[in-house]
Structures are given as C-alpha cells and as structure tokens.
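A, B, ... follow the sequence lines: proteins, then strands. Residue 1 opens every chain. Note that the structure is a prediction, hence the values are computed from the model and not measured.
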Protein chains: 2
Amino acid sequence: MRDFDAATSIAPSGEGRWAAAIRPGWDIGGRANGGYLLALAGRAGLLATGRPHPLAVSAHFLHAPEPGPVEAVIRVLRDGRSTGTAAVDLIQSGRHFLSALVSAGTLVPAEAPHHLVGRPPSLPPVAACIRAEGDLPGGSRVGLLDHVDMRLDPATVGWAVGRPGGRAEVRGWVRFTDGREPDPLGLLLIADALPPVTFDLGLGGWVPTLELTVYVRGVPSPGWLRASMRAQMLDGGWIDEEAEVWDSAGRLVAQACQLAGTRVPGRP
Amino acid sequence: MRDFDAATSIAPSGEGRWAAAIRPGWDIGGRANGGYLLALAGRAGLLATGRPHPLAVSAHFLHAPEPGPVEAVIRVLRDGRSTGTAAVDLIQSGRHFLSALVSAGTLVPAEAPHHLVGRPPSLPPVAACIRAEGDLPGGSRVGLLDHVDMRLDPATVGWAVGRPGGRAEVRGWVRFTDGREPDPLGLLLIADALPPVTFDLGLGGWVPTLELTVYVRGVPSPGWLRASMRAQMLDGGWIDEEAEVWDSAGRLVAQACQLAGTRVPGRP
C-alpha cells in the first residue's frame, strides 16, 4: 500500500464510527498538515457516502492533533441521485480536533471545459526548480516533504535566502514521493501542501488554518501536478490563501481556499 | 426591526435547539437564496458561540427548504481564546436541508491591510447602473430583490438583453433596500446575492449551490457595498464562483467561493 493510502486508511468500528490514525511524519514542525487531515476526513466521507470522488470538502480546524489513534464520527446527511454529503468529526482522546463536511459524487469532465479562465502556472522545467527540503534552518522539520516531492519555482522562493518576493505567492511542481499517481482524494492533500505564502511576505512561523475548502474539478492525469497558491489580503491577523492544482494534461483539477491566522510583527 | 434581522431571527427552544423560520420572499423563483440561509446559520453560530462576528462560514446545501418554521440544531465544537466554532444543522419537517460550520470571533482590522492585492470593482456611478428587477420575463420572481437593492454594471448585464458577455462575471452596487447598514452578518447574504455568472455565459436556469464558503474580513462602513462575482471554470456540470465585497471606504470586507451545479446545453 502506498504511503498516502496507508496514512489515510480508516475502518468501521461501530454505528457511524470509524477508526483511523494520525501518522507521524505528515507534519510541519510537529503539527499534522491540514491537507493531510482533510484527506483523512475526505476518505471517511467517500466510504460513508459510497461515492468515488470528493467534489467539495470544507473543514474547520479546532485543535492540532498528536500522532496516534483517532476516531471519526460520520453522519450521512444526504444520499441523492448524483451526490451525497456526510459530516465527519475527527476526535482524539475525547477531543474534537476537526469538523468537516464532505460532498461527493462522480466526476465526469467534458472533452474540454465549457468555460475556463487562466492556465497552468508558468514554471521552469522540474530540473530547474528547487526541491523543498524537510530539514529547515533552526532544526525544525517538515516531515510532509518526505511524502510529497515538491519542486518550487525559484522566482517564488527568495524567502529561503532572505529575499522574500513580497507578492504572497508560491508555485511549483508536486507529486507523491513514492510514485503514487495523483487521484481526486490525493488532491485534497496536494491543494494544501505548498509552503505558506506568508514566507513570501517575509513572515515566518506557524500559520494555523481556521477553515479550508477544496473543490476537486477533475480526475488528474498521471505525472507531475502544477500547484500555485496566493493570498489576496493579510489584515487584522488573518490571511486568505487561494490555491489551484493543474494536472500533466493541462487541466484544472482542484481549487482551494483557506483562512488562516498569522502574526504580523509590530501588531498587538 | 429591519427586514434582514427579522428574516434571520432565531430563539432557543431547548438543549442545543433553536427555532427559526424561512421567510417567504427571500427567494429566487421560489427557492430561498443560499446567502440568506447562510446568514441564518451564521446568526445561530454567533449566538451559540457568544462572538460578535462571523469569520469563516462554510455550508453544504442538501435540499431546498420551503417557507415556514425550521429548527437549528447547534453544537459548539470549540470555545477558544480568540475564536469559537459551532456546527449548525438546519432541519425542516424532520429533513436536514443545510449543514454549516461557523467560526466566529472579533474582527480587529489594522489601519491598513498588511498586504492587499486588487482593488474595489470599477463601477459606473450608482445612477448609471441598472437596477436588478424582481420580476423576470416568463413570470418568475426574484423576491430577494425586494430586500436587496442591487445596481448592476451595464457592462456585465448584456444577458438581460440577449447579449451575454461570455466572461462569467457580474458586478454591481449592493445595499439593503430598507436602509439597514451592512454589518459582518449581513455580508454572508450579500456575498451570494448577485445573479449567477452563468447568465453571462448565456445559460439560464437554476444554479443550485452545493457548497458555499464566506470569509468576513472587515466590519463594513455604512453605505453602498461593491460586489463582484466571477467563475474560473464550468466543466462536467459544475461551476465555481468567487465573490468579493468591498465597502464604501474601499476596504475588502468579504470573500466567498462556491461550487454549484449547472446544465450545459448539449451535454448529456
């Protein structure tokens, strides 16, 4: 079984209850990646609704869980003709740490989109991009990068050498390290895998996500994905981040938005 | 009491249960507007968490409710130092029709945003815009427009005279008809009040929202709001719509995204 599938595996444990685990090493400085938790909730939602693809998944993050067993409490809210919706609550040691709503169905893209604005992020070739390393200066680790192979556009990683671009933008090539091909569930992770765009604003530190929503728009073709993330506004301690993921065939396969907390130097 | 506050009023009716009503006339062709339902869930979330402002509200739409009494079942999931989160389920005659997650807190904007991309939608003066009328050709009614005064940019309403712009974009001035000034809760409605951008693609008909997320970014100044909505992709029967709301002082006060179903002529 591939890394990602093992780390998001889940099994029924009673009426509306499922057992899973937060695997160590899918973290950023010890805290499980938000996209990883979203994918775990997404898989629970797919199993509960009996649908193959997540369409829209929204989660509010309540606490940072530790590695170890977790329980998913799932309620199927709707079982319709073309879509189903489930509420997924993830609980650890009696404490709710994530609440998600998962709408799922079957993606049937047309030959070409009826309407499309934008194009895949313009990136240098993979070999000319910069591999994101798990070991950070200062000793902290991004374990997530052992599982996700990320090659960042040099134009958006000036922060790594003390020259942030100031555009609140980051983009790069992304795939699973172990060769697992992307699929709709995996996109829930990939859509939140890039470094926080606050780095590009010269701001370090943790950017805890309050809310994360991902729309999966297509079944990705095999190969490298191209992902971009940008922020429109940082104000009053909150920042939005919008992400896009495009597949190797040049199709838009996921869109994401999130609201996260951040500390701005000089602010109370 | 103002229109909007009456239409979203809610009162405790037992342990974790609240009583409210879907008021007639906040609809589009008989179906309650999604932003109106989001605002109802948002008010429930504010009351349950004891916080003044919605920060991030995500909802999945399960069924279209009828005017009449509804019950809100509310669980407070987190009661933190700066934010609280509640799950709000709206139920009518025993049937779940909306499930929402509401994170709330206190908005404290800085003098100016630390980072901001974009500016308010460029619009002709209010008097040069086109008032959206509730009576549509064919006899259907948009009751919502009795409560929301909307002046659309002529450049984005070509569809009203058979010449859709093809850009999947609409923008205009928006305020409550009865003079109620905008506030963070009201933005949950305003962020979904514009006509669907599918009109600008020459597609008529209902565009049922599957998921809607709104981030409230500021406490709006009194006066007209400027709103814009656009879509990035329509594919396989699904369309995304991203909205922004700016206040009279030129601040970005809300961002929204949604995924909605749509029928494209010629598609199976």
Side-chain angles (χ1 to χ4, degrees), chain A residues 55-63 75 77-78 80 82-83 85 87 89 96 99-103 107-110 112-118 166-168 201 203 210-211 213 215 217-218 230-240 242 244 251-252 255 257-259 261-262 264 267-268, chain B residues 55-63 75 77-78 80 82-83 85 87 89 96 99-103 107-110 112-118 166-168 201 203 210-211 213 215 217-218 230-240 242 244 251-252 255 257-259 261-262 264 267-268:
Chain A
L55 301 174
V57 182
S58 336
H60 288 232
F61 294 77
L62 310 168
H63 299 281
R75 293 176 300 143
L77 302 174
R78 180 170 184 271
S82 61
T83 65
T85 299
D89 288 313
H96 244 96
S99 195
L101 295 164
V102 180
S103 283
L107 286 161
V108 188
H114 186 86
H115 172 79
L116 175 66
V117 175
R167 291 183 305 272
L201 295 177
L203 303 172
L210 179 68
E211 199 274 351
T213 292
Y215 301 147
R217 305 302 303 276
R230 74 194 65 191
Q232 182 168 17
M233 185 167 80
L234 192 170
D235 189 26
W238 297 102
I239 188 167
D240 58 285
E242 288 79 43
E244 294 175 10
R251 291 191 75 129
L252 176 64
Q255 299 165 297
C257 62
Q258 66 177 281
L259 187 68
T262 184
V264 179
R267 288 265 304 145
Chain B
L55 301 174
V57 182
S58 336
H60 288 232
F61 294 77
L62 310 169
H63 299 282
R75 293 176 300 143
L77 302 174
R78 180 171 183 272
S82 61
T83 64
T85 299
D89 287 313
H96 245 93
S99 194
L101 295 164
V102 180
S103 284
L107 286 161
V108 188
H114 185 86
H115 171 79
L116 176 66
V117 176
R167 289 183 307 272
L201 295 177
L203 303 172
L210 179 68
E211 199 274 351
T213 292
Y215 302 148
R217 306 302 303 275
R230 73 193 66 189
Q232 181 169 18
M233 184 167 80
L234 191 170
D235 189 26
W238 297 102
I239 189 167
D240 59 285
E242 288 78 44
E244 294 175 9
R251 292 191 75 130
L252 176 62
Q255 299 165 297
C257 63
Q258 66 178 280
L259 187 68
T262 182
V264 179
R267 288 264 305 145

From the list B:Ile239, B:Leu62, B:Leu107, the residue making the most non-hydrogen contacts under 4.5 Å with chain A is B:Leu62
Just give me the residue among A:Leu252, A:Leu234, A:Val117, A:Leu116 that pairs up with chain B most often, heavy atom to heavy atom, under 4.5 Å. A:Leu234
Side chain / backbone / both / neither for A:Gln232 at chain B, heavy atoms under 4.5 Å: both
Partner of B:Asp235 under side chain to side chain donor-acceptor pair (under 3.5 Å), picked from A:His115, A:His114, A:Arg251, is A:Arg251
Where is the tightest heavy-atom contact between B:Leu259 and A:Ala56, given as atom of each residue plus distance? CD2-CB, 4.2 Å
With a 4.5 angstrom heavy-atom cut-off, which part of B:Gln255 approaches chain A: side chain, backbone, both or neither? side chain
Assert top hit (heavy-atom pairs under 4.5 Å, partner chain A, pool B:Ala59, B:Ala168, B:Gly218) equals B:Ala168
Heavy-atom pair count under 4.5 Å with chain A, highest-scoring of B:Arg230, B:Arg167, B:Arg78: B:Arg78
Any chance you could measure B:Cys257, atom SG, to A:Glu242, atom CD, to the nearest 0.5 Å? 8.0 Å
With a 4.5 angstrom heavy-atom cut-off, is it the side chain or the backbone of A:Thr83 that approaches chain B, or both, or neither? side chain
Going by distance alone, is a donor N or O of one side chain under 3.5 Å from an acceptor N or O of the other, for A:Ser103 and B:His60? yes
We want to know whether A:Thr213 and B:Thr213 form a side-chain donor-acceptor pair, criterion being a heavy-atom distance below 3.5 angstrom. yes
Between the side chain of A:Arg217 and the main-chain N/O of B:Gly236, is any donor-acceptor distance below 3.5 Å? no
Quick one: CD on B:Glu244 to CE on A:Met233, what's the gap to the nearest 0.5 Å? 10.0 Å
Which of A:Val102, A:Leu77, A:Thr85 touches chain B most, by non-hydrogen pairs under 4.5 Å: A:Leu77
